[in-house]
Amino acid sequence: MGIHTIRLPDIGEGIAEAELVNWHVSVGDSIQEDQLVAEVMTDKAAVEVPSSVSGKVVWLGGEIGDMIAIGAKLIQLEVEGDGNDDVVESGSSKPAETPAPTKPEPVNEVKSQPEVSVTESQPKAPGSSRRPAQSRTAGTKPLAAPSVRARAKEEGIDLRNVPGTGPAGRISHQDLSDFIDQGGVRHTGAFSPKRSGVKETKLIGMRRKIAEKMAMSKSRIPHITIVEEVDMTELEELRSTLNKKYAGERPKLTILPFMMRAIAEAVKEQPQMNARFDDDAGILREHGPVNIGIATQTDSGLNVTVVHHSESGSLWENASKVSNLAEEARNGTIKLDDLSGGTITITSLGALGAIATTPIINYPEVAIVGINKMQTRPMWDGHQFQPCKMMNVSCSFDHRVIDGWDAAVFVQKLKSLLETPAMLFVEG
């Protein structure tokens with residue numbers, strides 16, 4: 001028998017380390033060649049690591065959340081033959097058989113029923129007899145001392161449901177305790193039990209990458225955000241007409257492909273918006289291709305998928321790309337190339353959209369366009385109020401390289417193109 005070591009493979013150009021986000025095996029497991037053993041997360045995407053041999057797991061190279069260098073030992077197997085390693089690692093892994101720590105675990109859930117303070121109870125003396133519960137007229141306010149009322153509130157008990165054995169049906173602490181012991185119904189309306197406990201969640205995988213990127217963006221980029229309202233009435237009529245005409249034949253059009261077309265047109269006049277800023281080198285790189293990132297919500301967090309060369313795609317081609325990339329991001333099959341190379345980003349909350357937002361730039365890009373909620377509002381046309389479909393567009397810019405005037409010109413260009421959608425299809 002020998003030891004075979006599997007090292008973390010090279011999973012992308014320029015990637016020096018990856019975060020361990022999931023083990024699919026444990027020490028002592030017998031596994032087969034090509035069986036999935038671990039999942040790691042890079043700045044770009046999650047990558048699954050299979051076993052290159054069959055054998056028994058004898059060592060794991062880290063815990064969930066650890067950063068592992070490319071080429072470092074990931075897992076060791078006991079295999080038939082000589083194997084490829086003479087050293088069995090120990091100490092750096094924490095396999096399943098490691099004794100549980102003596103430190104109390106953090107509370108992981110909120111208690112729905114707090115403990116009852118026994119110091120306020122009034123136990124019945126041995127041998128004493130209890131008065132029978134006194135009936136109360138319907139609608140009569142229950143009689144109880146302030147301390148009993150406070151305790152009932154803490155317990156989530158409606159005192160109108162508690163029989164009282166005191167004079168005139170007065171409710172004592174013992175009556176309340178008996179009611180609880182007998183499975184009395186706790187009130188879920190105005191009364192609510194006190195909550196306790198703290199839930200601790202370690203940020204790993206995609207959630208940690210998102211946190212790091214957001215912190216980097218806000219700490220390194222001085223944001224300037226402009227919010228402008230746009231009359232989407234004509235564009236919505238065009239979109240509805242096209243969807244009805246090509247229903248079942250072509251992908252359904254959302255606002256996104258129209259916004260992508262507007263951005264591609266606007267950056268022709270202001271190429272500095274379609275750029276990435278290397279702030280360490282002090283170089284602004286303006287890109288020819290308009291590679292638009294689309295912020296996509298997944299179960300593991302927010303991904304930014306990239307539609308490369310969006311300037312050359314039709315409305316339906318871009319709509320299809322956006323839909324396909326979103327589906328791949330959600331089911332975990334998206335390729336690294338489709339998560340990188342963006343030059344400007346669109347973000348939208350969809351049906352949950354707000355009136356206005358302040359989007360955070362996708363570092364190292366220099367601009368991001370936010371789509372907000374669309375509402376029908378009365379707008380003055382110079383003669384009378386007309387119902388119009390209005391939507392606010394929120395755009396953030398890197399103020400180190402984009403001046404306020406240029407930012408305003410860009411936003412106004414988007415506004416004019418969206419309000420007159422025919423201009424989206426006029427060359428020059």
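Arg276 places no side-chain N or O within donor-acceptor distance of the main-chain N or O of His287, the cut-off being under 3.5 Å. Side-chain N or O atoms of Asn372 include one that pairs as donor or acceptor with a backbone N or O of Asn392 at under 3.5 Å. A side-chain donor-acceptor contact under 3.5 Å links Asp158 to the backbone of Arg160. One N or O on the side chain of Ser217 and one on the backbone of Ile361 form a donor-acceptor pair closer than 3.5 Å. The closest donor-acceptor contact from the side chain of Trp23 to the backbone of Gly62 lies under 3.5 Å. Proximity of a side-chain donor or acceptor of Glu17 to a complementary backbone N or O of Met67 within less than 3.5 Å is not detected. Under the 3.5 Å distance criterion, the side-chain polar atoms of Asp338 are left unmatched by any main-chain donor or acceptor of Thr305. A donor-acceptor contact shorter than 3.5 Å links the side chain of Lys415 to the backbone of Glu229. Side-chain atoms of Thr420 never come within 3.5 Å of backbone atoms of Leu417 as a donor-acceptor pair (strictly under, hydrogens ignored). Thr225 places no side-chain N or O within donor-acceptor distance of the main-chain N or O of His223, the cut-off being under 3.5 Å.
Ion pairing of Glu265 with Lys268 is present here, as a side-chain N (NZ or NE/NH1/NH2) and a carboxylate O approach within less than 4.0 Å.
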Hey, mind stepping through Gln272 and Val366 against side-chain contact (heavy atoms from CB on, under 4.5 Å) and telling me if it holds? CA-CA 8 Å; Gln272 74 272 27; Val366 300; over 6 Å; no
Can you list the steps and then say if Ser310 with Lys321 is a side-chain contact (heavy atoms from CB on, under 4.5 Å)? CA-CA 9 Å; Ser310 66; Lys321 289 178 182 178; over 6 Å; no
side-chain contact (heavy atoms from CB on, under 4.5 Å) between Val322 and Met260, intermediate numbers included: CA-CA 10 Å; Val322 169; Met260 294 167 73; 3.8 Å; yes
Could you go through Ser51 and His24, starting from their C-alpha distance and side-chain angles, then the distance that decides it, and tell me whether this counts as side-chain contact (heavy atoms from CB on, under 4.5 Å)? CA-CA 11 Å; Ser51 174; His24 293 279; over 6 Å; no
Before giving the answer on salt bridge (Lys or Arg N to Asp or Glu O under 4.0 Å), spell out for Asp337 and Lys335 the whole-Å C-alpha distance, their side-chain angles and the decisive distance to 0.1 Å. CA-CA 5 Å; Asp337 288 344; Lys335 302 179 182 64; over 6 Å; no
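Residue Leu36 qualifies as enclosed at atom CG: its count of foreign heavy atoms under 6.0 Å is above 12. Within 6.0 Å of CG in Asp181 there are more than 12 heavy atoms belonging to other residues, nucleotides or ligands. For Asp279, the CG atom counts as densely surrounded, since its 6.0 Å shell holds more than 12 non-hydrogen atoms of other residues, nucleotides or ligands. Counting non-hydrogen atoms of neighbouring residues, nucleotides and ligands closer than 6.0 angstrom, the CE atom of Met423 reaches no more than 12 such neighbours.
Judged as a salt bridge (Lys or Arg N to Asp or Glu O under 4.0 Å), not a single pair has a partner in residues 362-372 (not counting sequence neighbours).
Taking 4.5 Å as the limit, every side-chain heavy atom of Phe397 sits out of range of all side-chain heavy atoms of Asp403. Side-chain contact between Asp278 and Arg285 is present, with at least one heavy-atom pair separated by less than 4.5 Å. In this structure, the side chains of Cys395 and Leu414 come closer than 4.5 Å at one or more pairs of heavy atoms. The shortest distance between side-chain heavy atoms of Gln35 and Val25 falls below 4.5 Å. Looking only at side-chain heavy atoms (C-beta outward), Val411 and Val393 stay at 4.5 Å or farther from each other. The closest side-chain heavy-atom distance from Phe277 to Ile402 is not below 4.5 Å. Side-chain atoms of Thr376 and Lys389, non-hydrogen and from C-beta on, do get closer than 4.5 Å to each other. Side-chain contact between Glu236 and Met391 is absent, with no heavy atoms from C-beta onward closer than 4.5 Å.
Between the CG atom of Leu315 and the CG atom of Leu253 there is a distance of 6.0 Å, given to the nearest 0.5 Å. Ile292 CD1 to Thr345 OG1: the interatomic distance, rounded to the nearest 0.5 Å, is 9.0 Å. Here the CG atom belonging to Asn22 is positioned 8.0 Å from the CD1 atom belonging to Ile204, to the nearest 0.5 angstrom. With rounding to the nearest 0.5 angstrom, the CG atom of Asn318 is 6.5 Å from the OG atom of Ser314. Rounding to the nearest 0.5 Å places CG of Leu176 at 7.0 Å from CD of Glu155. The CD atom of Glu19 lies 9.5 Å from the CD1 atom of Ile68; values are rounded to the nearest 0.5 Å.
Considering Ile368, Val369, Thr358, Thr357 in turn, Thr357 is the only one that fulfils the side-chain contact (heavy atoms from CB on, under 4.5 Å) rule with Ser394.
Using modelled atom types, one finds no donor on one side chain facing an acceptor on the other under 3.5 Å when comparing Asn243 with Ser240. Judged by distance alone, the side chains of Thr333 and Glu328 never bring a donor and an acceptor atom under 3.5 Å apart.
Minimum heavy-atom separation, Leu159 to Ala144: CD1-CB, 4.0 Å. Smallest separation of non-hydrogen atoms from Glu419 and Asp231: OE2-N, 2.9 Å. Listed here is the closest heavy atom pair of His308 and Asn291: CA-OD1, 3.3 Å. Of all non-hydrogen atoms in Arg261 and Gly313, the two that sit nearest each other are NH2-O, 3.7 Å. The two residues Gly288 and Asn274 make their nearest non-hydrogen contact at O-ND2, 4.0 Å. The two residues Asn161 and Phe179 have their closest heavy-atom pair at O-CE1, 3.3 Å.
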